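No experiment lies behind these values; they were computed from the predicted model shown. Below, read A as the first sequence line, B as the second, and so on, with proteins coming before strands; counting in each chain starts at 1.
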2 protein chains.
Amino acid sequence: MTDKIKVLLVDDHAILRAGLKALLDTYDDIEVIGEAENGEEAIRQARELKPDVIVMDVMMPGMNGLTALRYILEENPDARVLMLTQYGNKEYVLPLLEAGAAGYVLKQAADTDFIKGIRAVYEGNSYLYPPIAKLVLEALMEGEDAADPERRLTPREREILILIARGYTNNEIAKMLYISPKTVDVHRTRMMNKLNLHNVAEIVRYAVRRRLVDPWED
Amino acid sequence: MTDKIKVLLVDDHAILRAGLKALLDTYDDIEVIGEAENGEEAIRQARELKPDVIVMDVMMPGMNGLTALRYILEENPDARVLMLTQYGNKEYVLPLLEAGAAGYVLKQAADTDFIKGIRAVYEGNSYLYPPIAKLVLEALMEGEDAADPERRLTPREREILILIARGYTNNEIAKMLYISPKTVDVHRTRMMNKLNLHNVAEIVRYAVRRRLVDPWED
DNA sequence: CCACAAATAAGGCGATAACCTTATTTGAAA
DNA sequence: TTTCAAATAAGGTTATCGCCTTATTTGTGG
């Protein structure tokens, strides 16, 4: 071991960050060199600190993990990002992996899985928490051929569906994703056509059914 | 310091527990003596381990934090429970404090606040994370009398809430109920004020939570 | 290199939502 | 009988939704 693995922690919960930092400090091959509590900060820190591994949550106020991931990889395609989140639905996982996340661990995983993930990702490998790997394989099996191309949403459409169901307007979503409100509207309209939804109430109930949003949150 | 503060950690995310344990281990007056990942386990551990302080999340699969809190205090009215959660709405906070939680800290708080909470609760005091304390005081100011008359809906308001959550417009609801769209609008606005909801998405999620609509219907 | 999916963006349009104020009617409880 | 909660209704304003068309850019696969 020549040098420690330099980790950047990105999560909106300061207590979780403090806990993870304390946990990682007990491993002598890993070192936390920075923290961020939202996507914008993560991008800045990634640029300045050049961490070996970025551990990032998906759901954050302000810029979310998926958007931040895209910006980070755009600036530095070699960045290694390990997603650490509560959500294990394929609707969350697949867009993140397609966007280039190097690993995916659920918060309910054991701390040893988390450490495994950091090390694997640092060494240039992928790491998927086993239940996530299973889910990804299943999604590949079925998803390839069938699954109604009419109803299959693009990652962007799915992302915007979730934000609508969480109560954001087109303008708010546009600001969060750094795109035009008109573009949000296009994704929104196409998504509604594909799923045959016609108003916000139907969108929310669909999202709740598919576990894309938790009605208890916010 | 005669003895360490014995802490039981209750949260469904193993990684968070591992992190908090590592964090608390760096304080020499605090010691984690047990962990639980749901309410049932928490009750069992509280009975067996007799911790000085129980740190517990609210949202967990299986028995949630509020129910577990009630059982624990029923068995041992002297138990000291510090709630640690992501949710800062008064709908979450007030029932927990009424049920006898000794403290309340949000996950976005600093780790120093968390430690303060553990020590305060251990010494028999209450600890409310400042924004929570503010919210509780405000709730006491307004809600003094009883049972939240502010939030109690009239039958008409509840009827219209349900129809909105099912996706109907004011005009459609007006025709269904043989009243003016403007009357529907008044009920709608009053209902939203009472429940502090601000758009259709929030209305639907509220209705789903309260089982006023089934997201699988229609 | 070309085809295609995906994301980006603009313009316009009528309907609807979200919020305000004010006011009348009605039935039930004090 | 008087008071009060509830339901009824109308007026207005601004923002947003829902849907339409058209078009450029970007990246991937054949």
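Of the two residues near DNA chain D, B/Leu177 and B/Asp185, the one whose nearest nucleotide lies more 5' is B/Leu177. Map B/Ile203 and B/Val186 each onto its nearest nucleotide of DNA chain C; the residue landing nearer the 5' end is B/Ile203.
Between the CD1 atom of A/Ile160 and the C1' atom of D/dC17 there is a distance of 15 Å, given to the nearest Å. Put simply, CZ on A/Arg190 is 10 Å from C1' on C/dA5, counting in whole angstrom units. Between the CG atom of B/Asn199 and the C1' atom of D/dT14 there is a distance of 16 Å, given to the nearest Å. Atom NE2 of B/His187 is separated from atom P of D/dA6 by 11 Å (rounded to the nearest Å). Between B/Asn171 atom CG and C/dA15 atom P there is a gap of 10 Å when expressed in whole angstrom units.
Counting non-hydrogen atoms under 4.0 angstrom, A/Thr183 reaches a base of the nucleic acid. B/Pro155 comes within 4.0 angstrom of the backbone, heavy atoms only, and of no base. Residue contacts shown for B/His198 are limited to sugar-phosphate atoms, with no base heavy atom under 4.0 Å away. In this structure, A/Ser180 reaches the sugar-phosphate backbone alone: every heavy-atom distance under 4.0 Å involves primed, P, OP1 or OP2 atoms, never a base.
Side-chain N or O atoms of A/Glu202 include one that pairs as donor or acceptor with a backbone N or O of A/His198 at under 3.5 Å.
Residues B/Tyr71 and B/Glu40 have side chains that never bring a donor and an acceptor to within less than 3.5 angstrom of each other.
Taking 4.0 Å as the cut-off between side-chain N and carboxylate O, B/Lys107 and B/Asp57 count as a salt-bridged pair. B/Arg156 has a carboxylate O that lies under 4.0 Å from a charged side-chain N of B/Glu159, or vice versa, which qualifies the two as a salt bridge.
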